[in-house]
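Below, chains carry the letters A, B, ... as their sequence lines are ordered, and counting in each starts from 1. None of these values were measured; they are calculated from a predicted model.
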Protein chains: 2
Amino acid sequence: MADVPPNRRSPPHPRTRRGKDTRAGLLRAAEAVIGEIGYAASSIADITRKAGIAQGTFYIYFQSKDEVFRELVVEMGRLTRGFLTEAVADAPDRLTAERRGLRAFLAFVAERPTLYNIVTEARFVAPDAYRDYYTVFARGYAQNLSAAAKEGEIRSGSAEVRAWALMGMAITLGERFAIWETGIDLDMVVDEVFDMLERGLRP
Amino acid sequence: MADVPPNRRSPPHPRTRRGKDTRAGLLRAAEAVIGEIGYAASSIADITRKAGIAQGTFYIYFQSKDEVFRELVVEMGRLTRGFLTEAVADAPDRLTAERRGLRAFLAFVAERPTLYNIVTEARFVAPDAYRDYYTVFARGYAQNLSAAAKEGEIRSGSAEVRAWALMGMAITLGERFAIWETGIDLDMVVDEVFDMLERGLRP
DNA sequence: CTGACTTATGATTCAGTGTTCATATTGAAG
DNA sequence: CTTCAATATGAACACTGAATCATAAGTCAG
């Protein structure tokens with residue numbers, strides 16, 4: 001009988017208070033370390049050292065280095081979406097919502113510069129998680145845009161193309177004006193972008 | 001006497017035809033392998049196997065894995081810029097140039113999907129080369145935009161913010177509509193984007 | 001208190017891989 | 001031809017770091 005080597009399962013969730021704390025600490029340490037120096041350069045030893053525990057303990061909570069990373073990517077997605085949803089919640093119309101959303105995203109990035117390192121590296125380490133991250137975003141985005149078009153708040157057009165175009169702008173602007181160079185007047189950046197988006201480039 | 005361990009130099013360029021061919025083959029193999037599976041996952045053995053030579057030969061032409069990669073990033077930058085400059089050369093005005101530029105970029109990406117893997121991973125492997133890649137791009141872009149504004153071809157505004165915003169759009173649109181999903185009508189994508197860029201989102 | 005389960009330890013294993021090196025082959029100048 | 005620098009080889013080396021495991025310590029319900 002060939003023994004079917006069963007695909008390993010993720011370790012069960014911690015049952016005690018102590019365990020929950022350790023697991024959470026491990027996640028925070030992983031975010032800090034991987035966000036700082038990148039996935040490839042981060043060793044399990046780095047992460048457990050940061051968390052203040054022994055190396056072996058890591059494997060009580062996560063099956064592999066890959067697994068923490070995936071969880072981190074998913075967490076980043078939830079965090080970002082939550083933050084943006086909140087920031088945009090009571091905007092009177094879509095254009096205002098877009099403006100506030102971009103402004104909030106730049107602020108989010110500025111105060112959490114680890115985000116890009118994690119999400120970007122997911123492209124190689126966990127391609128499916130990477131795609132999910134952006135696809136989930138884009139879906140919500142596109143829904144909002146097409147609802148707004150139906151309401152006549154913006155001109156009609158492909159909500160999907162627009163959503164990805166706008167996301168792309170936000171990502172690159174964040175990297176350039178909130179991470180590479182800090183202390184930039186982000187309101188100015190948002191104003192410039194929306195001048196273009198609202199009125200077009202035409203003279 | 002402490003012997004100052006002199007920083008290694010890059011191997012000299014090949015002197016014979018044979019050497020030039022081998023080096024070029026190595027670069028092409030590196031592009032193929034790293035572009036396909038990423039820098040971290042690529043071994044020197046993978047690259048030399050692809051190139052059809054022995055492992056040791058690699059080090060006759062490159063000092064390290066890191067070094068080929070850097071050269072690849074620089075090469076990608078030159079290639080992309082050359083392609084775009086060509087595509088945009090005889091556009092009658094800036095808006096047309098922008099449109100043709102985006103269209104050409106999407107086409108370029110579609111037929112050279114290794115580009116993104118290489119450039120994106122440079123963010124971690126060779127951060128300076130990564131920044132250069134985009135900064136050189138953005139500089140040229142911004143110059144064109146501010147010249148056009150001076151000519152009255154577009155409304156005035158921060159050329160730098162616009163340049164990065166437009167670059168960001170192109171990058172993300174390329175990933176979504178030229179890499180993730182192939183066979184998309186790229187002209188349609190460009191039309192949608194330029195409807196927004198020329199006339200704005202307002203109703 | 002106690003015993004069973006959960007959590008923690010860190011030395012050890014083990015495979016992968018970047019780089020080196022002694023040796024061999026090639027090819028073109030003289 | 002000869003000769004020598006350039007080029008090629010692939011086995012061996014050195015090192016890293018993910019994952020394991022036998023053992024110990026802590027925690028908590030009953």
Out of dG10(C), dG18(C), dT9(D), which nucleotide sits closest to the side chain of K65(B)? dG18(C)

Under a 4.0 Å heavy-atom cut-off, which of residues 25-50 of chain B touch DNA chain C? S42(B), S43(B), I44(B)

Would you be so kind as to tabulate the donor-acceptor pairs closer than 3.5 Å made by side chains of residues 161-170 of chain A, with sequence neighbours excluded?
| residue | atom | partner | partner atom | Å |
| --- | --- | --- | --- | --- |
| R162(A) | NH1 | R155(A) | O | 2.8 |
| R162(A) | NH2 | R155(A) | O | 3.2 |
| R162(A) | NH2 | S156(A) | O | 3.2 |

Lys/Arg N to Asp/Glu carboxylate O, D46(A) vs R49(A), below 4.0 Å: yes

Step by step, would you call E198(B) with E98(B) a side-chain contact (heavy atoms from CB on, under 4.5 Å)? CA-CA 11 Å; E198(B) 291 180 3; E98(B) 289 304 322; over 6 Å; no

When the distance from CD of Q55(B) to C1' of dT17(C) is rounded to whole Å, what number comes out? 8 Å

DNA chain D-proximal residues of residues 67-75 of chain B, any heavy atom under 4.0 Å: none

CZ (R28(B)) with more than 12 external heavy atoms under 6.0 Å: yes

Using the ring centroid of each side chain, check whether F137(B) and Y141(B) are separated by less than 6.0 Å. no

Can you check the D21(B) CG to dT7(D) C1' distance for me, whole Å? 12 Å

Check residues 101-112 of chain A and write down every donor-acceptor pair under 3.5 Å in which the side-chain atom is one partner and the other belongs to a residue at least two apart or another chain.
| residue | atom | partner | partner atom | Å |
| --- | --- | --- | --- | --- |
| R103(A) | NE | D187(A) | OD1 | 2.7 |
| R112(A) | NE | E31(A) | OE2 | 3.3 |
| R112(A) | NH2 | E31(A) | OE2 | 3.3 |

At under 4.0 Å, does any side-chain N or O of Y59(B) touch on OP1 or OP2 of dT20(C)? no

Any N/O pairs under 3.5 Å between the protein and nucleotides 1-7 of chain C? List them or say none.
| residue | atom | partner | partner atom | Å |
| --- | --- | --- | --- | --- |
| dT7(C) | OP1 | R15(A) | N | 2.7 |
| dT7(C) | OP1 | T16(A) | N | 3.1 |

Flag for D93(B)-T96(B): side-chain donor and acceptor within less than 3.5 Å: yes

Is there a donor-acceptor contact under 3.5 Å from the side chain of E121(B) to the main chain of G38(B)? no

Does the side chain of T114(A) pick up a donor-acceptor pair with the side chain of N117(A) at under 3.5 Å? no

For Y134(A), give me all partners under side-chain hydrogen bond (donor to acceptor under 3.5 Å, both in side chains), at least two apart in sequence or on another chain. none

